[in-house]
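For reference, the structure discussed in these notes is given below.
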Amino acid sequence: MDAHRDTTSQDLSAWLDGELSGPEARRVVQAVEADPALRAEADALAAVRRAVRELPRQKAPDDFVARVLAEAERTRLFQPRQAEQKPGLFGWVRYAAAAAVLLVAVGAGFVIFQTLRHPPRFGETLAVRSAPRAGAPEAGALPAKDTHHGVPDAEARDAKSYVVSNGGLAVAHRAKEFGAGEASQAGGAWDIAAKGARQGGEGGAPGGTVLAAAPPDAGNEVIFTDHLEATQQQVETLLAANGIRPVVLAGAAGAKLGKGGRPVSRANFYKAERVAPQTVEIDLVVTPEQLASVQRELDALRDRQIVSQEPCPPGEPARRTRGGREVPLPAASPPPAPAPAAPPPPAEGKLGPPAAESDTAGKQVEETADKRKAPAETELPQPRKDDLAGCVPRAGRPEPTAPKAPAPAPAPTAPAVAMELAAKPAAPPAGAAAGTAARNPATREEAAPAGPAGGAGGGGAIAKGQGATAAAPSAPATRPSAVAAQTTAADEANAPVAVAAVVQPGQAKSLLSRQELEKLRDEAARNLQTAGQSAAASQSAALAGARLQRLRITLNFREPIHAEAMEELPHREAELHKLRTKDAPRAPVHE
Amino acid sequence: MTEQASNLLAEESSAGGGAPQGGQVSFEDSALVAQSRRGDMRAFGSLVAKYQDRIFNMVLRMCGSRADAEELAQETFLKALERIGQFRGHSQFYTWLFRIAANLTISHRRRGGRVRFQALGGADDGDGGGLGDALTAVVARRRDPGPEAAAASAETSARVLAALEELDEEFRLVVVLCDVEEMDYARIAEVLGVPVGTVKSRLHRARCILKEKLADLRTAS
């Protein structure tokens, strides 16, 4: 009854205004006649309505029209509108042309928007393979040591073929780099041109990817992610900020060749290749300065990674997770051996033997790399405390006297690795304590200087070279170590480097804020400038390959890379090339 | 008396080339609009003359200040002229004109009166003190009902206007369009760009509020 009355009451105004249909009006009339209260309300509403309607009507001023027209004339609102003129025969032509231009502009804008919104993924736009040049050796051009992840040698060779020049390096030297069998390709078969991402990266803003550090997989250091795009974007941005760009092949639209058909190289290039459905490898050759910068920035990423949300069971050693599998941490991590004398530079232009061939000389690399890296580490922003929670890897910097973990054995399918994450030994109680300490900044502050046991207590503490610790004595003890400098390479120049992080699924936060990324970019730009100057200053040495280092970044994704994305590559290549080379920084070209 | 006054006002308005009442279609509008698009000043002047009072009255009831109403009404026509190329004739011209006026008025009110228009001619007497002036003038010209009736009417109008002033914009605008401009619900919905049901509910709600505010006035009458 009340509901019916409410409905009727709401209809009273409409009834008074004559806005109800016949049946509705009759229903209201019946209700009003039957209900005195409703009738009183109707009378009141009618009185209000009448009162408002009886308000006197006001007239505009007498000169209102003249004033409006004068103002309109003053503001030239009476100009005949060109667009409203009747178009003639050519008017339609103009319209058609304008429509075509608009269509093209919208299409181009859409392409650019989509490209920026969904940057090319590793293994998607970068996994461009060059067909081996006719007459070039099909096999043996690259040593078998370059085989990795079960990829056949030929594939590995192709992969290497995209590792082009370092900024300031002559293309011809790549022939030496990759063996005599490919020397003949230096004249023109190396149809590689810069598809350089703009310096500073594109996109750039981290998208909330989940990254988490994990111990290395015996030399393979990987980045897992559940968010492929964001990871790609971050790593690509990071590389681009360091002047390292992907490459494209000749034949692709916009590929530029220099004299003799050699590619015009503007800076470092890298090649990313999907070596497995879920794995992308990035090979690049960098200067030591760039190497340090890239490593440092990758470290900065990892420093903000959530390692694990699972607490360490009391009394149990911390365990690290690798690809969903738990891997017990090494029992001990011996201190790094004293660095031997620096090995002689490799043969000119040759990047050297596989890292696994030498385990002693690599220590020099470790020390050198750490010395380069350590001062910069202190400048990096401190990781967020909650990012360090968990029992896996991110632990405090090891003490100089801490026992050094044995160098992990290279994986059977892995290339030699010069630098890797190495887990510190985790004494069971200390490991659990460190796991707690990682979540408690105060505890970590106290635990860090606790000597070898304390330093090693972090389950998954990252082994650092002694030189690094010595080089950065003022580094905060609570800051997790950057990438450990464990070398197994023959020499610095030949050392392929793998940097890794493992993303644990379902751990959603971390990563850099936009400001942090900008800061890193600025720093990377400075490093790039320094690296460029250094390369220019020591061009001869660089040409000899003595100062080159090979870096390999392995990205392991939780899910296979979409096949359809791979198929899009040919169609998007030209557009991407155009987009990326538009404002690419022009470094000195050396051919 | 009030009904007679309304009729007189309506006659006066019609005699002065006033606008058609709500719901009526002016077949002249389309031609005048087309001529205005081509820069015909006289055609646009005709449109202004045709709708000036309605627009001015509606704006005045919304903003409460005569000076502001003059300025807003002028701005309404200038805006209409500026955008007359965008008027496709899918609705009545005056509906489109009222929509412009409503938007301008609401924007003006939301600025909180920080921008006060200065009257170009005459004193800004507002509407509170001059309530019923026009009506009184008309009545004085036609009949002479006596000063007492005019005073009572002015007082009532003042109370109603004060109550209107206290309404929220969305309620006040619906009341003005319905009871001052005498638009039907469909037209109001078109002007405001809201469903008819919204108009219905807003109007009922507004009248209920006014009923509470004017309770003593109803009791006295």
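Note that the structure is a prediction, hence the values are computed from the model and not measured. We name chains A, B, ... by the order of the sequence lines, and we start the count at 1 in each one.
Within the 4.5 angstrom heavy-atom criterion, no atom of B:L47 approaches chain A.
A 4.5 Å side-chain heavy-atom check between B:K200 and A:D11 finds at least one atom pair inside the cut-off. Side-chain contact check for A:V68 versus B:F44: some heavy-atom pair is nearer than 4.5 Å. Between B:Q74 and A:E71 there is a side-chain heavy-atom pair separated by less than 4.5 Å. Residues B:L164 and A:L55 form a side-chain contact, since some pair of their non-hydrogen atoms from C-beta on lies under 4.5 Å apart.
For the atom pair CZ of A:R53 and CD of B:E182, the computed distance is 5.0 Å after rounding to the nearest 0.5 Å. Here the CG-CZ distance, from A:L12 to B:R207, works out to 10.5 Å after rounding to the nearest 0.5 Å. With rounding to the nearest 0.5 angstrom, the CG atom of B:D184 is 10.0 Å from the CG atom of A:D17.
Heavy-atom pairs under 4.5 Å with chain A were tallied for B:L203, B:N57, B:V48; the largest tally goes to B:N57.
Side-chain atoms of B:Q52 do not come within 3.5 Å of backbone N or O of A:F64 as any donor-acceptor pair.
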Practice problem: Evaluate the criterion side chain to side chain contact (heavy atoms under 4.5 Å, CB included) for residue pair B:H204 and A:L45; output intermediate values, then yes/no. | Solution: CA-CA 9 Å; B:H204 179 69; A:L45 290 174; 3.8 Å; yes

Exercise. Could you walk me through whether B:D53 and A:R57 pass side chain to side chain contact (heavy atoms under 4.5 Å, CB included), step by step?
Key: CA-CA 8 Å; B:D53 289 342; A:R57 293 180 178 272; over 6 Å; no

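Residues A:Q58 and B:F56 approach most closely at CB-CE2, 3.8 Å, considering heavy atoms.
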